[in-house]
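Both counts, for ligands and for their atoms, begin at 1 and track the order of listing.
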Amino acid sequence: DLRNGLRPLGSTPAEFEQDLLSNLYYRRGTTVESASAQDAYETLALTVRDRLAARRARTAAAHYETNPRWVYYLSAEYLLGPQLEQNLLYSGTTDLAPAALKALGFSPEEVEALDVEPGLGNGGLGRLAACLLDSLATLDIPAVGYGIRYDLGIFKQDFENGEQVEKPDDWTFQGDPWEFPAPDDWQTVGFYGYVGPEGWVPGEIVHGEPSHLLVPGYGTETVNIVRLWRARAAQASFDLRRFSAGQYAEAVQEAVKAENISKVLYPDDSTEMGRELRLKQQYFLVSCSLRDIIRRFRFRNSDWSDFPVKTVIQLNDTHPTLAIPELMRLLVDEEKLDWEQAWSLVRQTFAYTCHTLLPEALETWPVDMLGRLLPRHLEIIYRINAELLDEVRATFPDDLSRVRNLSLIQEEPQRRVRMANLAVTGTFKVNGVAELHSQLLTSTTFADFAALWPDKFTNVTNGVTPRRFVRLANPGLSALITEGLGSEDWLRDLSLLSGLAPLADDASFRARWRSEKRHAKSALGLGDPGAMLDVMIKRFHEYKRQQLKILHVITLYQRLQSAPGRFGVPRTVLFGGKAAPAYYAAKSIIKTINAVAAAVAADPKSSGLLRVVFPANYNVTLAEKIIPAADLSEQISMAGKEASGTGNMKLALNGALTIGTLDGANVEIRDRVGADNFFLFGLDAPAALSLRSGDYQPRSYYEADDELRAALDALSNGVFGGAGQEVAQSLLGRDEYLTLADYRSYIDKQDEVAAVWQNQERWTRMSILNTAGSGFFSSDRTVSDYLERIWRASPVRP
Ligand SMILES: CCc1ccc([C@H](C)CC(=O)N[C@@H]2O[C@H](CO)[C@@H](O)[C@H](O)[C@H]2O)cc1
C-alpha cells in the first residue's frame, strides 16, 4: 500500500484494461476509435510505467529512511535497449498487456514495433553500464546511474552501394513515454572565464536539466533510476532585441550554443578525437552529477567526513575523470575544506574501470584547451601532479623515466593531460574487465602505477543481464531451461544453469534444445534454418578482425569453385555492427563484406551452401533477435586487444559455440564451459605481442599458404571492388593485428567446426554445456564482485 492512501493499481486483466482505457482518454486525450498505434504504445507505456512508479515511490522512501551507502555510476554512455518488453516482464504484466491491447482493437506486434531504443551509447561500454544498473536494482543496492540525455543517439546505419552511411538518430522524435523530466532539479555549469582572487569566474553558464528513467529490479520491489542531463541556456536567452531587428539566428544562438552540449553522442568507440565539445560534454556530465550527489548527501548528512562513507562513485572509463578535480574544486573553493582533507575524501570516494588496452583509446586533452575551458581545474590538476611526482621521487629516487611515465602531463610532442593517469591517481581502486585484461593493465598500460600502488589494482570480469539476453530475447529456450531445472530461480541466480549439464546426455532434451535454436533461426529469417548460423556482431575495428572472417568466407567461396569437397557444411555468415564515421579502414572492411556477400549471392554454386548476410543498423533490439539464433560465435580478436567482450557471453549463454582466441573474457568462457566445448585457435597474447614487436613479415604467410594467397589475390585483383583492394593492401603491408599470422590456424579450426556440426548430437551436447557453464557471466555476479572488492554497499529492501 502506498503512503498517503493512494489506491494500489490493479493486477487483474479487467483492472489493467481499465487503466489502459482511462490513460488513453485522460492522459493521451484520444478515444479507442481515433487512437493510432503510437497512441496505443504511449498509453501502454504509461500504464506499465505507473506500476513501476509505485515501486519506485516505496524504494525512494526506504532509501530515505535508511540513509544508506550509495553507488553512483558515472558514464558518458548507456545502451539501455528497448524498454517495453523489459518493463512488462519486470512489472509482471507481460500477459496482461497483449490481451488488453487486443480487447481494445490494437495489434500487440504493431505496438511493440514502436518501442524505439534509446541509443545513448556506442557498444560494449555503454551496454555494460545498462546491465550493471539492472543487476544493482535486482540485488536491491541503492544506486543511481548518471549520464547525458543526448538528443541524437548513435547514428542510424544504412548501406548505399555497400558503403555505410550514417543518419541522425532522433530517438525522441515521438517523445519518450518512459522518462520523467525533473526540471526543478536543474543545475548550473560554468565554462571558460578566469581564476581571480575570489576563485573561478566562469565566462559561460549553462543549465543542466535532468530527466530520469526507471531501472526496475527483477523479482524484487526495488526500482532505481538512471538520471540523464540535457543542456539548456541559463536564462531565457531568446534575444528579443535582435529578433525584432530581424537577426533571427543571433536571437537564438545562445540557446543553440548551450543545447549543443548534449546534442549528439560522439560515435567513436576506441579512438579519441580531442574535440572541445566532447570535453564540454564530459565536464557538463560530472558537474551536474556531483552537485546532484552532494544535494542528495545533504538530505540526511552534514559532516563531510561521512561523504565517502555514504558515497562511492564509479568512473566508467576515463570519460568522467574530470569528476576528480571537480569534487576537489567544490570541496576546497565552495565548501572551504583544506586541500589535504579534500584530497583524502576524493581518493576515498572514486573508483575507475578501464575498458581498453588500445593506446589510442586512452584520452589525453591539450593543456591549453583544458586550461581555457576549465582554468581552475587545470590549477588543481597541476597541484595533484606536483604531489604525485613528490611521492614518485620519494619512492623511486633518481628514476626520471618513472616520473615521466607517471606524470599527469604528457610533455612531448604536445603538452596534454593524461586522463587515465589522473583517474588512477585520484581513485582508491582501479579494475580491468576480464582477468587477462587486468593482468595486462598491471604489466603494461599501468605498470609504473602498479609498482607504486600495487594494492590499488583489481579485476572484475564483465557480465550480462540474463533477463534481457536470455529470458526476453529467447523465451522458448528460457522455458526449456526452466523445465530442465524445475524452476525460474536461475533468472536471479545464474549459477543454477550448471544443473543443465546432466541434460546434455539426454537425447530428448537435446532434440528440444535443437528445435528451440531452429525456431529462433526461422524467426530471424536470415538464411536457411538448417544451415549453421555463424555470427560476428560487434563494432567494426581492425583489432576485432572482421577482416579475418571475410578471408575465411572468400576461402570457402573459392573452395566452392575449385575444391567443393573441402567446402564443409551449409553456412550462413552474419555480420552486424557499425564503424565510427571517421574510421576509414573499418568502413573499407564493411564495403568489402557487402561486395563479397553480393558475389556469393550472385553465384548459383553458392545456393544452399554459403550465404553472407549483413543486416544494417545493429543495435540492442537486433542483438536480441540474432543472439538466440546463433550457432557459432566469432570472437577472433588479436590476443591482448579485446579488454573483455560481452557479446561472447550473451552468445554462449544462448547455446552458441565459440570460435575464438585466448583474448579478453574468451579465456574465462573456455575455462568455464570446458576446453572441449570451445574452438580455440591462434596466437595467445604473449606470442602475439612478441611477433608484433619482433620482425613480423605478413607477406611470408601469403607466400607460404596457397589458400591465403588465393584469397588475398582475389581481393588485390579487385574481384570484390576497390575497398577489397585496400583491405588486401593493408594486410600485405603492416597487418597491424596479425591477421595473416592467425589465418591458417583459424581456417583449420573452422574445418573442425564444420566436422563437429555434421554430428548434430555432439554439437547440441556442446551447446547445452556452453549454457550450463556460463552462469558465471551474469552481471549479478559482476555486481557482487564490485560490491565485495570496491563498492562495499549493502542491499536495502523496500
Ligand atoms: C575516446 C573514445 C572512446 C570511446 C569509448 C571507448 C570504450 C572504452 C570502448 C569500449 O566500449 N570498450 C569495450 O568495453 C567493453 C565493456 O567493458 C568490453 O567488453 C570490450 O572488450 C571493450 O572493447 C574508448 C574510447
Side-chain angles (χ1 to χ4, degrees), residues 73-79 120-132 147-148 154 265-275 277-279 281-282 285 314-322 352-365 416 418-420 423 430-438 440-441 445 459-465 537-545 577-583 586 623 635-652 660-661 663-669 685 737 777 779 782-783 785-786:
Y73 202 80
L74 260 54
S75 180
E77 303 184 21
Y78 289 96
L79 262 179
L120 306 178
N122 278 285
L125 171 138
R127 181 57 232 179
L128 178 82
C131 284
L132 296 185
I148 297 175
I154 187 69
L265 166 78
Y266 273 85
D268 323 290
D269 84 326
S270 59
T271 311
E272 59 140 351
M273 305 303 277
R275 298 272 187 286
L277 183 59
R278 165 106 173 164
L279 184 57
Q281 284 186 344
Q282 295 183 351
L285 166 62
Q314 192 70 30
L315 304 178
N316 199 21
D317 214 88
T318 57
H319 314 151
T321 300
L322 284 170
Y352 157 50
T353 301
C354 175
H355 295 266
T356 189
L357 282 161
L358 305 179
E360 69 267 26
L362 295 176
E363 293 183 298
T364 61
W365 291 103
R416 301 176 73 92
R418 296 165 167 156
M419 301 312 274
V430 175
N431 74 286
V433 288
E435 281 171 13
L436 174 62
H437 176 228
S438 300
L440 289 169
L441 285 181
T445 316
N459 173 59
V460 180
T461 296
N462 282 162
V464 300
T465 171
I537 43 177
K538 53 189 74 223
R539 285 292 296 249
F540 273 77
H541 197 289
E542 290 162 286
Y543 85 80
K544 294 175 185 280
R545 300 202 295 192
K578 296 171 180 176
Y583 192 175
Q635 309 299 333
I636 62 176
S637 53
M638 172 184 164
K641 293 298 178 185
E642 188 70 83
S644 163
T646 45
N648 46 8
M649 299 167 182
K650 295 160 190 169
L651 287 156
T661 52
D663 196 17
N666 295 355
V667 176
E668 292 157 79
I669 291 173
Y737 299 104
F777 301 105
S779 48
T782 303
V783 163
D785 287 351
Y786 272 105

As a check for students: among [options], identify the option with a heavy atom nearest to [atom].
atom: atom 24 (C) of ligand 1; options: T356, D269, L128; result: D269
atom: atom 19 (O) of ligand 1; options: G647, G645, G126, G124; result: G645
atom: atom 13 (C) of ligand 1; options: H355, K641, K538; result: H355

If only side-chain N and O atoms count, and only distance matters, is there a donor-acceptor pair under 3.5 Å linking [Y] with [X]?
X: T353; Y: N431; value: yes
X: D663; Y: S637; value: yes
X: Q282; Y: E363; value: yes

Looking at ligand 1, would G664 count as a contact under a 4.0 Å heavy-atom criterion? no

Below 4.0 Å from ligand 1: does a non-hydrogen atom of H319 turn up there or not? yes

With atoms numbered from 1 as shown, which atoms in ligand 1 lie under 4.0 angstrom from a non-hydrogen atom of [X]?
X: A643; result: 21 (O)
X: S644; result: 19 (O), 21 (O)
X: N462; result: 16 (C), 17 (O), 18 (C), 19 (O)

Less than 4.5 Å apart, any side-chain heavy atom of [X] and any of [Y]?
X: T318; Y: R418; value: no
X: T661; Y: R545; value: yes
X: H437; Y: C354; value: yes
X: L265; Y: N122; value: yes
X: K641; Y: L358; value: yes

Answer side chain, backbone, both or neither: which part of N122 comes under 4.0 Å from ligand 1, heavy atoms only. neither

Any nitrogen or oxygen of [X], side chain or backbone, less than 3.5 Å from one on ligand 1?
X: L125; result: yes
X: A361; result: no
X: D268; result: no
X: Y543; result: yes
X: E77; result: no
X: R278; result: no

Strictly distance-based, threshold 3.5 Å: is any side-chain N or O of N666 a donor or acceptor partner for the main-chain N or O of Q635? yes

I need the minimum non-hydrogen distance between I154 and R539, along with the two atoms involved. CD1-NH1, 3.8 Å

